[in-house]
Trainee: 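Below: one structure in C-alpha cells.
Side chains included, hydrogens not; waters and symmetry mates left out as well; all remaining heavy atoms used. Numbers restart at 1 for each chain; the letters A, B, ... are given by sequence-line order, proteins then strands.
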Amino acid sequence: MRPMSNAAMNAPGSAEANSSLGNAGLRIPGQPDMWAFVMFEALIFSSYFIVYMIRRAMAGDHFLPAQEHLSQGFGVANTLILLLSSWFMAGSVRSAREGKYDIALRQVLLTAACGLLFVGLKLLEWSDKIGEGLTLSTNEFFSFYYFLTAIHVLHVLFGFVVLAVAARELRSPPRRSQEIVETCATYWHMIDFLWVIIFALLYVMR
Amino acid sequence: MSASIAAAVTPRPSGLPGRIAWHWRHDPKAELWIIWYAMVFFYILFGIVFVLLTHVIPPPQPYWDPPRVVQWFNDHHYGLLSGFGIIFLVTGLVAACNALIGYSIWRMSVSPAFAYSYIAIYSLSATPGLLLTAIALTVGAMRPERNPDLIYWLYDMAIMCFDGTMGVFLIGTLVWMIAILIDKNNVFPKWFGYLNICNLITEFVVAPAWVFKSGVFSWNGTIAFWIDTVVFAIFTVAFITLLKRVIVRDDFGTGPLPDGDARTAIHPEA
C-alpha cells in the first residue's frame with residue numbers, strides 16, 4: 001500500500017511517468033486502497049437500496065402516489081450534470097497523463113463547478129418539496145428520498161475535498177502525481193455511479 | 001533499541017506461562033501489548049454486557065408504551081444491574097483504547113495535535129455514549145415500583161444517549177482519517193483511512209432516529225441501527241487488527257514503519 005504522499009511523483013517526461021503512461025492499460029488506475037473503499041461503499045449503498053426495494057414491495061401502492069410528487073426535470077438535470085462532471089474528470093486524468101496539466105486543472109475546476117451546480121439544484125429541490133409540505137416524516141417514500149439524497153450529497157461534499165487534492169497536485173510541478181489524480185477521479189466517478197442508481201430507484205422506477 | 005536487541009538474543013521459552021514471563025522481562029513492547037489486550041478485553045466485555053446481559057443491543061422497540069417499557073425493565077432487572085455494574089468497573093478501559101490509538105497517531109509523521117485532539121474527543125464521547133446510558137438504565141432498573149412515566153423517560157434518555165449521540169464521534173473519526181491520509185510513515189494502510197469515511201457517514205445515518213419511532217430509520221431500524229452496526233463492527237475489527245500490526249511493526253523510531261516484524265527486520269537471525 002503506497003501512501004498518498006509517497007505515491008509515484010511522476011514528473012512529466014520522467015522515466016516513471018513514461019512507464020506509468022506505457023502501462024496505463026495494465027494497471028488499476030489510482031490507489032487500490034480507493035478501489036477497496038469504493039467496493040465497500042457500493043456494498044453499504046446496495047444494502048440501503050435493498051431495504052428500499054423491500055419496503056417498496058411491502059408498501060404496495062403507497063409509494064407510487066408519493067413518487068408522483070418528485071420532479072423528473074430535477075432528477076434528469078442532476079443526472080446530466082453529474083455525468084458531465086464525470087466526463088470532465090475523465091478528461092482531466094487523460095490530460096494529466098499527456099502532461100497537459102493546465103488543461104487537466106481546468107477540467108478539475110469544471111468538475112467542481114458541476115458538483116456545485118448539482119448541490120445547488122438539490123437544495124432547490126429540497127426547499128421546493130419542503131414548501132409543498134413534503135418532509136422527512138411525511139411518508140416512507142419521502143423518508144427514503146431525503147435520506148438517500150442527503151447521504152449522497154454528503155459524499156459530494158467530501159468529493160469537493162477530493163477535487164481540491166487533485167487540483168493541488170496538478171497546480172504544483174513538484175507534486176503532479178498521476179496516481180493521486182486517478183485516485184480522486186475514482187472517488188468522483190463513484191459519486192456519479194451511486195447517483196445514477198438513486199435516480200433510477202427514486203425518480204424512474206414505477 | 002537496545003531492549004530490542006536483548007529481546008532478539010534471549011531465547012523465547014515454549015509454553016504460555018514461560019512466554020508471558022519472557023515478554024514481561026524482555027519485550028520492549030510489553031506495555032503496548034498490555035494496552036492492546038486491555039482494549040480487546042474491553043470490547044469483548046462490552047459485547048457480552050450490551051448483547052447478552054442487558055439486552056440493549058439490539059435496542060428494544062422505540063414505540064412501546066410506558067407499561068411495556070416497565071415490563072422490559074422487569075424482565076431484564078438483574079441483567080441490567082449486573083451488566084452495567086461490570087461496565088462501571090471497566091469503563092476506565094476506554095482510556096486504553098484512546099491511548100493506543102493516540103500512540104499510533106503520535107507515531108505518524110503528523111503533528112501530535114492530531115493525537116491530543118483524538119484522545120480529548122473520544123474521552124468526552126464516552127460520557128454520553130456509554131456512561132449516561134448505563135446510569136439511566138441502572139436507575140430505571142433499581143426501583144421497579146417507580147412511576148411508569150419516569151421509567152419511560154429514563155428509557156428514552158438511555159437509548160437515545162447510546163444510539164442517538166453517535167455524532168459526537170464524528171470529529172474524532174475525521175481527525176483520525178486526516179492523520180492517516182496525510183501520514184508519510186505508513187502507520188496505517190490508506191484503505192483504512194478511507195474506511196473512516198464509511199464510519200463517519202454512519203454518524204449521520206443514525207440522525208433520523210431522533211425523528212422516527214418505528215421503521216427502518218428508528219433507533220432499532222434496519223438502516224439507522226443494523227447497517228450502521230455492521231459497518232461499525234467491521235471498522236472496529238479492522239482497527240483492532242491494524243493496531244496489533246502497528247505494535248508488531250513498531251521499531252520505536254520516528255521514520256516510516258517497516259512492513260514486517262520490527263525485531264526480525266533489525267535482526268534477521270533472531
Trainee: With side chain to side chain contact (heavy atoms under 4.5 Å, CB included) as the criterion, how do Tyr48(A) and Val205(B) come out once you've worked through the C-alpha distance, each side chain's angles and the decisive distance to 0.1 Å?
Mentor: CA-CA 11 Å; Tyr48(A) 297 155; Val205(B) 171; 3.4 Å; yes
Trainee: Do you know which two heavy atoms are closest between Ile201(B) and His155(A), and how far apart they sit?
Mentor: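 Nearest heavy atoms, Ile201(B) then His155(A): CD1-CE1, 3.8 Å.
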Trainee: Based on non-hydrogen pairs under 4.5 Å, which of Val38(A), Leu154(A), Leu43(A) is most in contact with chain B?
Mentor: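 Top option by heavy-atom pairs under 4.5 Å: Leu154(A).
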Trainee: CE of Met205(A): more than 12 outside heavy atoms within 6.0 angstrom?
Mentor: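 Check passes, neighbour count above 12.
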Trainee: To the nearest 0.5 angstrom, please state how far the CD1 atom of Ile197(B) sits from the CZ atom of Phe37(A).
Mentor: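 Spacing of CD1 (Ile197(B)) from CZ (Phe37(A)) equals 4.0 Å.
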Trainee: Check each atom of Leu200(B) against the heavy atoms of chain A and say whether the ones under 4.5 Å are side chain, backbone, both or neither.
Mentor: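 Leu200(B) touches chain A through side-chain heavy atoms alone.
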Trainee: Enumerate by number any residue of residues 130-138 of chain A whose heavy atoms lie under 4.5 Å from heavy atoms of chain B; in the absence of such residues, state 'none'.
Mentor: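 The list, in residue order, reads Leu136(A), Ser137(A).
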Trainee: Tell me whether the count of non-hydrogen atoms from other residues, nucleotides or ligands lying under 6.0 Å of CZ in Arg68(B) goes above 12.
Mentor: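 For Arg68(B), atom CZ is crowded (more than 12 foreign heavy atoms under 6.0 Å).
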Trainee: Are the side chains of Tyr194(B) and Gln31(A) in contact, using a 4.5 Å heavy-atom criterion?
Mentor: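 The answer is yes, as the side chains (C-beta and beyond) meet within the 4.5 Å cut-off.
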Trainee: Counting only heavy atoms not in Trp126(A), do more than 12 sit closer than 6.0 Å to its CH2 atom?
Mentor: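 It does: Trp126(A) CH2 has more than 12 such atoms within range.
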Trainee: Kindly check if the number of other-residue, nucleotide or ligand heavy atoms within 6.0 Å of CH2 (Trp64(B)) is above 12?
Mentor: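 Enclosed: over 12 neighbouring heavy atoms sit under 6.0 Å from CH2 of Trp64(B).
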Trainee: Can you establish whether the number of heavy atoms outside Arg56(A) located under 6.0 Å from its atom CZ is more than 12?
Mentor: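 Enclosed: over 12 neighbouring heavy atoms sit under 6.0 Å from CZ of Arg56(A).
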Trainee: More than 12 heavy atoms of other residues, nucleotides or ligands under 6.0 Å from CH2 of Trp153(B): yes or no?
Mentor: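 Open.
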Trainee: If the contact rule is any heavy atom under 4.5 Å from chain A, which residues of residues 216-235 of chain B qualify, in numerical order?
Mentor: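 Counting heavy atoms that sit under 4.5 Å from chain A, the residues of residues 216-235 of chain B involved are Val216(B), Phe217(B), Thr222(B), Ile223(B), Ile227(B), Val231(B), Ile234(B).
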Trainee: How about residues 141-152 of chain A versus chain B: which residues have heavy atoms under 4.5 Å apart?
Mentor: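 The list, in residue order, reads Ser143(A), Phe144(A), Phe147(A), Ile151(A).
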Trainee: Applying a criterion of heavy atom separation less than 4.5 Å, what residues of residues 104-124 of chain A form contacts with chain B?
Mentor: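 Within residues 104-124 of chain A, near chain B: nothing under 4.5 Å.
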Trainee: Within a reach of under 6.0 Å around CZ of Phe193(A), are more than 12 heavy atoms found that belong to other residues, nucleotides or ligands?
Mentor: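 Incorrect, the count does not exceed 12.
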